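None of the values given here were measured: they were computed from a predicted structure. Ligands are counted one by one from 1 in listed order, and the atoms in each one are counted from 1 as well.
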Amino acid sequence: MAIRTFEALLVDEIKDLYDAEHQLTKALPKMAKAATSTDLKSAFASHLQQTEGHIKRLEQVFEGLGKKPARKPCAAMKGLVEEGSQIMEEEMDPDVKDAALIGAAQRVEHYEMAGYGTVRTFAHLLGHHNLETLLQETLNEEAATDEKLTGIAGRINVKAMQH
Ligand code: FE
Ligand code: FE
């Protein structure tokens, strides 16, 4: 389907994010299982809960745009999740693997931050101020998760270096 307007582009990008978030609800439990650090496990578990909230917010955004929720396959998230799976399958010392999992997870958060920053700005420019607020809330949670992961990495990387 052709994307003829800026608003149609916003809808298209929301569909991409909607698919990306769904992919993450499948990946995060596996990441939590693969992690050794209890801090890291619980960070993945709590971000899974937030991710379910991100899906709900996107459904509110679809509603605000007068559209039914629909997924557009997000190839980038598929690739990021695939890289995470490769780390899980790799034989590594547990602390080293945790450090690698954090690297994979932070790539995901940065990808999401870029996506939400874009749609937040589109919503602002199109005058959808309530939708802008919803998207900003998710963006803030992605950024907070990224910072939390940086904090955990600070401890894990030191342990990983000792091997
Ligand atoms: Fe998210
Ligand atoms: Fe996220």
Side-chain angles (χ1 to χ4, degrees), residues 9-65 67-89 97-126 128-157:
L9 178 62
L10 171 60
V11 172
D12 192 71
E13 298 232 358
I14 294 294
K15 287 179 179 173
D16 184 282
L17 282 165
Y18 193 56
D19 183 73
E21 296 282 18
H22 276 94
Q23 290 189 48
L24 281 176
T25 59
K26 295 259 161 28
L28 281 165
K30 294 178 195 165
M31 305 268 287
K33 216 177 148 193
T36 300
S37 147
T38 50
D39 282 356
L40 187 54
K41 274 184 186 290
S42 82
F44 287 147
S46 75
H47 198 53
L48 172 61
Q49 288 210 316
Q50 284 185 324
T51 298
E52 280 157 3
H54 299 171
I55 288 175
K56 292 276 177 313
R57 280 199 197 108
L58 289 173
E59 286 166 356
Q60 289 176 263
V61 172
F62 278 116
E63 202 186 335
L65 293 167
K67 300 285 174 190
K68 277 209 189 90
R71 293 167 65 165
K72 178 188 177 180
C74 177
M77 186 59 77
K78 196 174 171 220
L80 291 169
V81 166
E82 172 60 29
E83 288 194 357
S85 304
Q86 283 171 12
I87 290 165
M88 290 181 222
E89 286 161 20
K97 182 170 276 196
D98 278 358
L101 288 170
I102 291 171
Q106 288 194 285
R107 281 173 172 80
V108 167
E109 295 315 308
H110 278 254
Y111 178 73
E112 291 188 285
M113 283 154 69
Y116 278 103
T118 297
V119 292
R120 180 272 327 267
T121 298
F122 287 3
H124 172 79
L125 292 169
L126 289 163
H128 295 305
H129 297 300
N130 49 337
L131 308 185
E132 176 189 358
T133 302
L134 286 168
L135 295 166
Q136 183 67 53
E137 282 171 22
T138 295
L139 177 54
N140 294 346
E141 287 180 4
E142 310 293 16
T145 298
D146 178 57
E147 278 179 37
K148 188 177 178 181
L149 288 169
T150 297
I152 297 171
R155 299 188 291 279
I156 286 176
N157 291 345

Inset, instruction - Mind checking ring pair (Phe, Tyr, Trp, His ring centres under 6.0 Å) for Tyr111 and listing every partner two or more places apart, or none if nothing turns up? - result: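 Partners of Tyr111 under the ring pair (Phe, Tyr, Trp, His ring centres under 6.0 Å) test: none.
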
Legend entry - Set of residues satisfying ring pair (Phe, Tyr, Trp, His ring centres under 6.0 Å) with respect to His124, sequence neighbours excluded: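 Only His129 meet the ring pair (Phe, Tyr, Trp, His ring centres under 6.0 Å) criterion with His124.
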
Inset, instruction - Among Leu24, Thr25, Asp19, find the residue that satisfies the side-chain contact (heavy atoms from CB on, under 4.5 Å) test when tested with Glu21. - result: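 Output: one option passes, namely Leu24.
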
Legend entry - Under 3.5 Å donor-acceptor, Lys72 side chain and Glu13 backbone: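 No; zero donor-acceptor contacts below 3.5 Å.
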
Legend entry - Glu142 (side chain) donor-acceptor with Glu109 (main chain) under 3.5 angstrom: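 Looks like no, no N/O pair under 3.5 Å.
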
Inset, instruction - Using the salt bridge (Lys or Arg N to Asp or Glu O under 4.0 Å) rule, collect all pairs that involve residues 38-58, keeping only residues at least two apart or in two chains. - result: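 Counting only pairs at least two positions apart or across chains, the salt bridge (Lys or Arg N to Asp or Glu O under 4.0 Å) contacts touching residues 38-58 are Asp39-Arg155, Arg57-Glu137, Arg57-Glu141.
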
Inset, instruction - Output, by chain and residue number, all protein N/O/S atoms separated from the Fe ion (ligand 1) by less than 2.8 Å. - result: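 As for protein N, O or S atoms lying under 2.8 Å from the Fe ion (ligand 1), they are Glu21 OE1, Glu21 OE2, His54 ND1, Glu112 OE2, Glu142 OE2.
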
